[in-house]
Amino acid sequence: MTKEFTEARIRAVMARNKAGFSKKLGQNFLADPEAIREIADGAEIKKTDHVLEIGPGIGVLTLACAEQAGWVTAVEIDRKLIPILEQTLTGLDNIDILQADILDVDIGALQEKVKEEHPEIENLKVVGNLPYYITTPIIMKLLEEDIPAESITIMMQKEVAERLTASPGTKAYGAITLAVQYYCTLETIAQVPAESFVPKPKVDSTVLRLDLRKEKPVDLIDEKLFFEVVRAGFSMRRKTLLNCLTGVKGMSKDEMNGFLDGLGISPQRRAETLSMEEFAAIANALGE
Ligand code: SAM
């Protein structure tokens, strides 16, 4: 079924419904059956899964998910796409379309409701070809709200994926790398060129699967303080750790210098060279 969504068909469906592609809402629709298949397969969807799709657009990926899942909830912000989605998904009885901003959805409550109504459902898997303008806030919402999901399989701008998967000592490594890798392990599922979308965006994309960790990779006394230290560390990329961390917990420059030295971490290093374990050591010592 997904093979039918060529560029010509997508443009015809939108024209027939007098709908334009909203740049503001990041509406670049997938016209590449192989990429659609790679996302659906990469998410490892089972009949006992509830799939939450973020931004279904005209429903190309939704169809592929519905073939494999027990239940699908598709959350689309754009009212004008709802009738088109309903047309695409006609005849399928395991899909609920929700017109909403994903940032406002209580995902924990949604999963509870779906489990109550469909006792065969065991797990939640999040899937989406995310709008570029809001990729990071969506990922952080999903992670910080501790949603009851097993995995999050999402397409994003290639450069964002490089930041999420980066290692210490590289240019792409930053606060968002540490935040995401604290909550998840990451797997690259596919690289998708700009030509696979209608309209064609200026950037290439990458599909990542984020598997939520059952146990965190570092023990923290105070998670909030850890993220405060990470954010402060990367606040001025070209400055030393000493300059960036001075002021955290009210410490003067001299105090911070002695404190970092005492931990065996050179105050002259830059945040991008520190591992998650080293950030955790700093935060835990500050928290004591
Ligand atoms: N899944 C479709 C596909 O692959 O062809 C569409 C992907 S398109 C990149 C992103 C979709 O997310 C658009 O349909 C857009 O309207 C929707 N969207 C944008 N912001 C949203 C938000 N805050 N909440 C829910 N959907 C959103």
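Each ligand, and each atom within it, is numbered from 1 in the order the structure gives. Excluded from the calculations below are hydrogen atoms, water molecules and symmetry mates; all remaining heavy atoms, backbone and side chain alike, are included. Not measured: the values here are computed from a predicted model.
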Q: For G55, counting its heavy atoms only, list the atoms of ligand 1 lying under 4.0 Å from any of them.
A: 1 (N), 2 (C), 6 (C), 7 (C), 11 (C), 12 (O), 17 (C), 26 (N)

Q: Do you see a donor-acceptor pair shorter than 3.5 Å between the side chains of Y132 and S205?
A: yes

Q: How about S22 and Q27: does a side-chain donor come under 3.5 Å of a side-chain acceptor?
A: no

Q: Parallel, tilted or perpendicular: which describes the rings of Y182 and F227, with under 30° parallel and over 60° perpendicular?
A: perpendicular

Q: When rounded to the nearest 0.5 angstrom, what distance separates CZ in R270 from CG in L241?
A: 10.0 Å

Q: Among all protein heavy atoms, pick out the one at the shortest distance from atom 24 (N) of ligand 1; state its residue, atom name and that distance to 0.1 Å.
A: I102 N, 3.0 Å

Q: Can you confirm whether N129 sits close enough to N28 that some side-chain heavy atom of one is under 4.5 Å from a side-chain heavy atom of the other?
A: no

Q: Is the contact between Y133 and ligand 1 made by the side chain, the backbone, both, or neither, using heavy atoms and a 4.0 Å cut-off?
A: side chain

Q: Taking the side chain as C-beta and beyond, is there a heavy-atom pair between E76 and L85 under 4.5 Å?
A: yes

Q: Relative to atom 16 (O) of ligand 1, which among Q99, R79, K24, E76 owns the nearest non-hydrogen atom?
A: E76

Q: State if G128 counts as touching ligand 1 under the rule of any non-hydrogen atom under 4.0 Å.
A: no

Q: Any Lys/Arg nitrogen of R269 or E278 sitting under 4.0 Å from an Asp/Glu carboxylate oxygen of the other?
A: yes

Q: Of the choices I77, I134, N129, V127, which has the non-hydrogen atom that lies closest to atom 27 (C) of ligand 1?
A: I77

Q: Provide the number and element of each atom of ligand 1 under 4.0 Å from a heavy atom of L81.
A: 14 (O)

Q: Considering all heavy atoms of both residues, which atom of P199 and which atom of R11 are nearest to each other, and what is their separation?
A: CA-NH2, 4.1 Å

Q: What protein heavy atom is closest to atom 2 (C) of ligand 1, reported as residue, atom name and distance in Å?
A: P56 O, 3.3 Å

Q: Check each heavy atom of M155 against ligand 1 and say whether those closer than 4.0 Å belong to the side chain, the backbone, both or neither.
A: neither

Q: Is D101 near ligand 1, meaning one of its heavy atoms is under 4.0 Å from it?
A: yes

Q: Counting heavy atoms only, which of L25, L103, I84, V105 is nearest atom 15 (C) of ligand 1?
A: L25

Q: Heavy atom to atom 5 (O) of ligand 1, shortest distance: which of T62, L61, L30 holds it?
A: L30

Q: With heavy atoms under 4.0 Å as the rule, classify the contact between S22 and ligand 1 as side chain, backbone, both or neither.
A: neither

